[in-house]
Each structure stands twice: as structure tokens, then as C-alpha cells.
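In what follows, a single structure is set out as C-alpha cells and then discussed.
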Amino acid sequence: MECLYLLIIVGPDSRPGSLRLSGSSIVMEVSVSHKLLLFNLEFFLLLLLYHSFGYICALRYCVMWVLQSPQIVRQVPLQSHLCYTCHASSRLPASFVSLNPSAKPVKGDGANNQLIQSLCRGGDLKQAIQVLGNEPNPSQQTCELLIYYCAQKNSLSDGIDVHRQLVDGGLDQDPFLATKLINMYYELGSVDHACKVFDETRERTVYVWNALFRALAMVGRGKELLDLYGQMNSTGVSSDRFTYTYALKACVVSELSVCPLRKGMEIHAHILRHGYEANIHVMTTLLDVYAKFGRVSYANSVFSGMPVKNFVSWSAMIACYAKNEMPMKALELFWQMMLEARESVPNSVTMVNVVQACGALAALELGKLIHAYILRRGLDSILPVRSALITMYGRCGEIELGQRVFDNMNNRDVVSWNSLISIYGMHGFGKKAIQIFENMIHQGISPSYISFITVLGACSHAGLVEEGKFLFKSMHSRYRVHPGMEHYACMVDLLGRANRLDEAMKVIQDMRSEPGPTVWGSLLGSCRIHCNVELAETASTMLFELEPNNAGNYVLLADIYAEAKMWSHVKSVKKLLESRDLQKIPGCSWIVIKRKIYSFVSVDENSIEIEALRALLIKLLTEMKEQQGYVPLTNIVHYDLGEEEKERILLGHSEKLAVAFGLINTEKGEIIRITKNLRLCEDCHTVTKFISKFANREILVRDVNRFHRFRDGVCSCGDYW
DNA sequence: GTAGGGTTAG
């Protein structure tokens with residue numbers, strides 16, 4: 001029987017007293033296929049007795065009995081064992097060798113392999129490394145184990161020691177061990193060390209390359225990865241399915257000088273050429289790359305071309321739609337998955353994306369249905385799902401429901417807190433958001449990079465300038481979070497909105513890194529609110545250079561010129577927009593009634609339905625003119641048109657049409673919930689305030705930035721947005 | 001021996 005060759009015995013010099021006792025049992029290690037056995041004390045003493053009397057046959061019988069008796073022998077978890085003595089032998093009587101922890105290592109010929117392994121498993125890594133130093137011929141298995149334990153123990157210094165010893169013994173040139181070393185250094189958080197191992201490895205198998213690629217991809221060093229990928233191709237080592245996934249990932253994480261999307265397409269071509277177009281991992285990664293670059297149609301063609309799909313590929317495609325402002329498509333695909341791909345059961349990742357899509361659409365009823373499904377599937381205990389639900393309820397205008405999800409959580413991470421902070425922020429409850437932020441810290445959770453974006457954003461929506469400045473100052477000094485581009489953008493927004501444009505400009509000037517488009521965008525947005533032409537020109541000059549294809553920036557500048565009645569400037573900005581072949585994003589508002597979505601676009605349409613809505617609006621606005629002396633804000637229409645025509649354009653704004661539609665198609669007393677893809681226009685804001693009072697209706701509008709709750713002629717934003 | 005999709009902001 002195989003077990004006999006793995007007999008474990010204590011040498012003649014070991015006394016039972018030197019064993020570690022635990023209750024009535026002695027724990028010792030037996031290396032039978034790496035399983036550990038727990039010996040009963042009496043039985044152990046019996047073994048010892050047989051041994052000391054030389055009754056080898058009896059001993060043999062005993063061991064066999066032990067290994068076959070589940071009552072006596074039972075497996076114990078690796079961590080709980082106490083390592084003691086171990087030796088394997090085929091020649092039983094002659095090899096009763098004692099290897100207790102105090103035993104002296106034997107010099108040379110690989111005799112210490114077992115001892116090193118034993119010490120590793122017993123948790124004495126330092127001593128294992130020391131024994132390795134005295135062992136000129138350690139086996140590959142022993143070295144691998146040592147490397148493994150260095151990573152396990154999260155000890156970089158031990159890892160470096162082992163590495164040094166392998167270099168001394170020339171073993172670092174073994175491609176297998178080099179791979180393990182690279183992986184170890186990656187897991188220990190030192191990719192630089194991993195690179196060094198790679199540089200020093202002469203024989204680079206595909207495993208060696210892949211190990212380094214994995215490390216580089218995971219820490220976002222995509223540019224280096226792709227350079228090396230090029231080198232690999234020229235050295236004649238063939239890529240495998242892992243190489244392709246890492247190279248693809250690199251395109252997403254790299255800050256390449258060349259177009260990363262093109263690089264991705266190039267790798268796509270390699271994949272096809274080498275026949276990996278049916279590999280589910282490679283193709284799912286490729287799909288994700290296209291998704292991250294916003295190439296929805298490419299992603300979709302990869303997806304539909306996949307011969308085999310599983311729930312990951314379905315989820316990746318759903319995520320692609322959810323993240324690229326196509327939430328309807330995301331939901332449609334989800335239904336399709338449920339109906340067509342019965343073997344692909346959605347998991348928590350799928351549901352996170354579906355919940356996100358519901359939030360984007362502000363589809364509250366659908367969101368509740370999805371929430372019910374999540375509960376039924378038992379996926380609600382998963383943190384990202386909960387966080388997504390909190391945000392979804394918030395984005396549907398239901399802070400209380402979001403708060404309830406949060407309150408029912410047993411454990412919360414920083415993301416759950418951030419989600420809660422953000423929903424209060426987007427509803428304009430700045431003080432409450434700060435209070436939650438402070439609560440979080442009080443509970444011992446350190447604020448993250450994003451915590452500060454959310455809380456600063458909340459201050460900005462609520463006009464809490466001093467509070468925001470205080471938080472911004474404290475983020476680095478107190479919480480050691482280094483302010484990034486987004487935080488500067490928040491500060492510029494906070495100060496700019498509050499008409500402290502000089503201070504906002506000073507924040508930009510004090511930045512250590514080059515201000516990016518988000519920062520200038522915030523400034524331009526503030527210039528729009530406060531009609532500052534001069535600063536707007538500075539900001540837009542930068543923006544046109546940094547993101548020449550963002551039509552929104554041109555439109556903002558044109559708006560500012562129009563407000564200042566600088567019509568020739570308006571014209572030239574529009575020409576610039578046209579010359580760059582860009583189009584203004586049309587305003588779109590929608591309303592969900594009985595789980596159906598009705599959307600309206602601000603274009604001049606003459607359908608009968610729209611005419612009915614216009615008629616209602618004209619009636620309301622006439623009333624408003626009489627009661628409140630309302631004057632349409634025609635100056636925000638920057639077409640060179642007559643007043644009457646401008647008024648007609650204003651009347652056709654998508655949010656007004658949606659409000660009118662809501663008035664007609666919902667019950668009295670029901671809240672009208674509208675969502676808009678852009679910022680709410682000033683005229684619509686004024687009109688909606690009036691309608692809320694005149695029609696005695698609560699109207700909840702979510703625009704691209706925040707919520708407006710109109711009640712009795714007043715908006716929750718306090719006209720500050 | 002290594003692998004694919006995820007939560008929070010503006």
C-alpha cells in the first residue's frame with residue numbers, strides 16, 4: 001500500500017514530552033498527498049512503543065490501520081496543524097530519521113528538501129530560508145513552495161531573500177521558477193522587482209512573458225506591456241490565449257501616445273490570424289475593450305460572433321450598453337438573456353449593471369421588480385449590488401428607499417457610504433451629505449478618493465462653499481488622500497457656481513499637474529451661469545484643444561455669447577462646430593408611466609400628440625403671464641429669429657413637453673417624474689415652478705447634474721444649480 | 001502554472 005511508504009515516525013531521541021499536546025491529542029504532520037492527520041494520543045504512544053521495541057511488522061500493521069480508519073485519522077485544516085516530524089521512506093527500518101525543528105540541517109545532496117518544506121508548512125519561513133542557504137541542491141518543488149509562502153505571508157523581504165538565494169544557486173534561470181518569482185513579486189506589490197526578474201531571465205517561455213504581462217496589466221502599466229508584447233512577437237515566442245487577454249487589457253489601462261483603440265484592433269487581427277476567435281475569455285475581453293472605448297457596435301459584433309456565450313459574455317455586453325448611455329438596450333439584452341440563454345444564469349455582476357440601467361432611466365417600478373428578483377436570488381447580500389441599489393433608488397428620486405437599503409446592511413464598505421452620500425448630494429441635501437460623511441469616519445471607515453468627489457459635489461450643489469473648502473483642505477492633511485483632477489474640478493465648480501470665479505481660477509493656477517478637460521469644463525459651466533465672457537474664452541480655448549470633439553463645449557460658449565448678445569461670435573462658434581463635423585446633442589426628456597417610457601426631443605415636431613401638449617402649455621403660460629408677469633427667456637435661444645419664433649422654440653423644449661404629458665397622463669396628486677439628458681434650462685425651470693403651483697402637482701426633475709423637486713411654486717435647488 | 005464581466009462622482 002502506498003501509504004506505507006509515507007510512514008511518519010518520531011526518532012529515538014524524541015521524547016513524548018517534547019511533542020506539542022493539545023487536549024488528549026498530539027498533532028503531527030503526515031505527508032500523505034499533503035493531507036494532515038490527527039493522531040490520538042494513545043495510539044501515538046502505541047506507535048512509539050512498537051518502534052522502540054523494534055516490532056516493525058506490528059508497526060507496519062498499525063500504520064496501515066491508522067490510514068484506513070476514519071475514526072482515528074481525520075483531516076485537519078492546513079493552518080491548524082502543528083508541524084513536527086516527517087520523513088518518507090520506502091525502506092522502513094533503516095530510515096527512521098528524526099527531523100524535529102531543532103535538528104541540524106544536513107549539508108548537500110538535497111537532503112534538506114523535506115525539512116525546508118516542513119518548516120514552510122509549519123510557518124517558520126525564516127528558518128526555511130536559512131536551511132535553503134545551506135542546501136546546494138534544492139528541488140524545484142521546494143523552491144516553489146518557499147516562493148509560495150513568501151507571497152502568502154505577504155513578506156517582501158523574505159521574498160527578496162529567497163530570490164537572492166535562487167540567484168546564488170543559478171536556479172533563477174529556471175523558467176518555471178522565474179515565472180513563480182514574477183508572480184510572487186506582483187502579489188507582494190512590487191512590479192518593479194517582477195520586471196527585474198524578467199530582465200534577468202534568459203529563457204523566456206510564454207509563461208514568463210504572461211506572468212510579467214499579468215503584473216503590468218493589473219497595475220495599469222499598459223504602455224510598457226504593449227512595448228514588450230511587440231518585443232515578444234519579434235523574438236518568435238507565440239502568444240497564447242492568456243497573452244492576448246493581457247495585451248487587450250493593456251489597451252484599456254494604458255496612456256498611450258498612439259491610439260489605444262487602434263492597438264486593440266491590431267491585437268484583434270492577431271487573434272483572428274492565430275485562430276483564437278472562439279476562445280471565450282479572449283473574446284469577452286475584446287468585447288470589453290470595445291465597450292470601454294465606447295465602440296458599442298464593434299462590441300456587439302464580437303458578441304454576436306461568439307460561437308459559445310456564457311453569463312460572463314452576456315454580462316459584459318449588458319455592461320457595455322449600461323456604460324455607454326444605452327440603458328434601454330442593456331435592459332432588453334437582459335430580458336433576452338433570461339429568455340434565450342437559460343443556461344447563463346445572471347449573477348451579481350450582471351445584476352449590478354441591470355440595476356445601473358434602471359437608475360439611468362429613472363425607471364423606479366422596473367427597478368423595484370429587479371430588486372425583488374435580486375432578493376429572490378439571494379444576491380442582495382453582495383456589497384456592489386447593494387451599493388448599486390442605493391444609487392438606483394436615489395437616481396429614481398427615492399432617497400428614503402436608498403436609505404432603507406443602506407440601513408438594512410449588516411456590513412458596509414466605503415462604496416456603500418459613498419453611494420449614500422452621493423444620493424443626498426444629488427438631491428441638494430449638502431449638510432446631510434456632510435453629516436453622513438462624518439458618520440462614516442466616525443465608524444472607522446477611511447474616506448476614499450471618490451468619497452471626496454461625492455462630498456465636494458454635494459457641497460457644490462448646495463452652495464456650501466466654506467464647508468467644501470474646509471473638506472478640500474483636510475483631504476490631504478488629515479486623510480492622506482491626494483487631490484486629483486476630479487477634486488480640482490469639484491472645487492472649480494463649487495467656487496464658480498457661487499460666483500467666486502477669481503478664486504476658481506486661482507485653484508486652477510495652483511494645481512500641480514496640468515488642468516484637464518473636467519477642470520476647464522467646470523469653469524466654462526460656471527461662466528455660463530454668471531455670464532463671464534472673458535473667462536469663458538480662456539476656458540474654451542483650452543477645451544477646444546484638449547477635447548476638440550466635445551460638441552457640448554462649443555454649445556456652452558455659443559450660449560454665453562448669445563446671452564451677452566454677441567451674435568457674430570455666436571455665429572463663428574457655430575461655424576467652428578460645423579467645420580469640425582460635430583453636432584449639438586439634442587435635449588431629451590422622458591417620463592415613465594406604468595412601466596412605459598415616453599421620451600421627448602427638443603426639435604420642432606408637428607405631430608398631433610405634440611400639438612396637444614403645446615396647446616396645454618400655451619394655456620398654462622398665458623395664465624402665468626397674467627398672474628406673474630412671466631416673460632419667456634427668449635435671449636437663451638441663440639438663433640437670429642423674431643421673438644415669436646423664439647417663444648415657439650422655448651415652448652418646444654423637451655422638459656416642458658414631458659411635464660405637459662405628465663399632467664395629462666397621471667392621476668391628480670401623483671408625482672410627475674421627469675429625467676433630462678442635459679442641464680435644465682432656465683426658462684423651463686421658471687415655468688415648471690409655476691406649473692407645480694398652478695396645477696398643484698409635485699414635479700421631480702432629474703437633469704444631468706442633480707434633482708429639482710418642484711412644489712408649490714418653489715424648487716428644492718433654491719434656484720441655485 | 002496564469003484568464004474574461006462589477007459597486008461609488010462630475
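The structure displayed is predicted, hence computed values, not measured ones. To find a chain, count down the sequence lines: A is the first, B the second, and so on, and within it residues start at 1.
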Ordered by number, residues from residues 193-215 of chain A within less than 4.0 Å of DNA chain B (heavy atoms) are Y207(A), N210(A), R214(A)
Sugar-phosphate, base or nothing in reach of N183(A), heavy atoms under 4.0 Å
nothing
Nt span of DNA chain B in reach of chain A heavy atoms at under 4.0 Å, 5' end first, is dG1(B) to dG10(B)
Separation of L456(A) CG from D493(A) CG (nearest 0.5 Å):
10.0 Å
Looking at residues at least two apart in the chain, or sitting in another chain, which of them share a side chain to side chain contact (heavy atoms under 4.5 Å, CB included) with V555(A)?
D559(A), K584(A)
Taking any heavy-atom pair under 4.0 Å as a contact, classify S522(A): base, sugar-phosphate, or nothing.
nothing
Sugar-phosphate, base or nothing in reach of D493(A), heavy atoms under 4.0 Å:
nothing
Throw together a table of side-chain donor-acceptor distances under 3.5 angstrom for residues 293-309 of chain A, partners on residues two or more places apart or in other chains.
from: S301(A); atom 1: OG; to: Y298(A); atom 2: O; distance (Å): 3.0
from: S304(A); atom 1: OG; to: N300(A); atom 2: O; distance (Å): 2.7

Pick base, sugar-phosphate or nothing for Q356(A), based on heavy-atom distances below 4.0 Å to the nucleic acid.
sugar-phosphate
List for me each residue that meets ring-ring contact (aromatic ring centres under 6.0 Å, His included) alongside Y246(A), sequence neighbours excluded, and say none if there are none.
none
Under 4.0 Å, counting only non-hydrogen atoms across every strand here, what does I382(A) touch: a base, just sugar-phosphate, or nothing?
base
Who pairs with Y276(A) by ring-ring contact (aromatic ring centres under 6.0 Å, His included), at least two apart in sequence or on another chain?
Y244(A)
Within the structure shown, what part of the strands sits under 4.0 Å from K309(A) by heavy-atom distance: base, sugar-phosphate, or nothing?
nothing
F429(A): which residues meet the side chain to side chain contact (heavy atoms under 4.5 Å, CB included) condition with it, sequence neighbours left out?
I399(A), Y424(A), H427(A), K432(A)
With heavy atoms under 4.0 Å as the rule, sort S348(A) into base, sugar-phosphate or nothing.
base
Which residues pass the ring-ring contact (aromatic ring centres under 6.0 Å, His included) test with F437(A), sequence neighbours left out?
F452(A)
Report which part of the nucleic acid H487(A) touches: base, sugar-phosphate, or nothing (heavy-atom distance under 4.0 Å, all strands).
nothing
When all nucleic acid strands are considered with a 4.0 Å heavy-atom cut-off, which category describes L287(A): base, sugar-phosphate, or nothing?
nothing
Near-ring test Y185(A)/H163(A), centroid separation under 6.0 angstrom
yes
Option passing side chain to side chain contact (heavy atoms under 4.5 Å, CB included) with M326(A) (candidates K329(A), M328(A), K323(A)):
K329(A)
Suppose we screen for side-chain hydrogen bond (donor to acceptor under 3.5 Å, both in side chains). Which residues come up paired with N499(A), at least two apart in sequence or across chains?
none
For DNA chain B, which residues in residues 319-330 of chain A have a heavy atom at a distance below 4.0 Å?
K323(A)
Looking for any heavy atom pair under 4.0 Å, which part of the strands does R241(A) touch: base, sugar-phosphate only, or nothing?
base
When the side chains of residues 171-181 of chain A are checked against the rest of the protein, which donor-acceptor pairs come out under 3.5 Å, sequence neighbours left out?
from: Q173(A); atom 1: OE1; to: R202(A); atom 2: N; distance (Å): 3.0
from: Q173(A); atom 1: NE2; to: E200(A); atom 2: O; distance (Å): 2.6
from: D174(A); atom 1: OD1; to: F176(A); atom 2: N; distance (Å): 2.9
from: D174(A); atom 1: OD2; to: Q140(A); atom 2: NE2; distance (Å): 2.7
from: T179(A); atom 1: OG1; to: P175(A); atom 2: O; distance (Å): 2.6

Using a 4.0 Å heavy-atom cut-off, does S419(A) contact any base of the nucleic acid, only the sugar-phosphate backbone, or nothing at all?
sugar-phosphate
Using a heavy-atom cut-off of under 4.0 Å over every strand shown, decide if N310(A) touches base, sugar-phosphate, or nothing.
base
At 4.0 Å (heavy atoms only), tell me whether S422(A) reaches a base, stays on the sugar-phosphate, or touches nothing.
sugar-phosphate
Select base, sugar-phosphate, or nothing to describe what F452(A) touches, counting heavy atoms under 4.0 Å on all strands.
nothing
For Y207(A), what residues pass the ring-ring contact (aromatic ring centres under 6.0 Å, His included) criterion, not counting sequence neighbours?
none
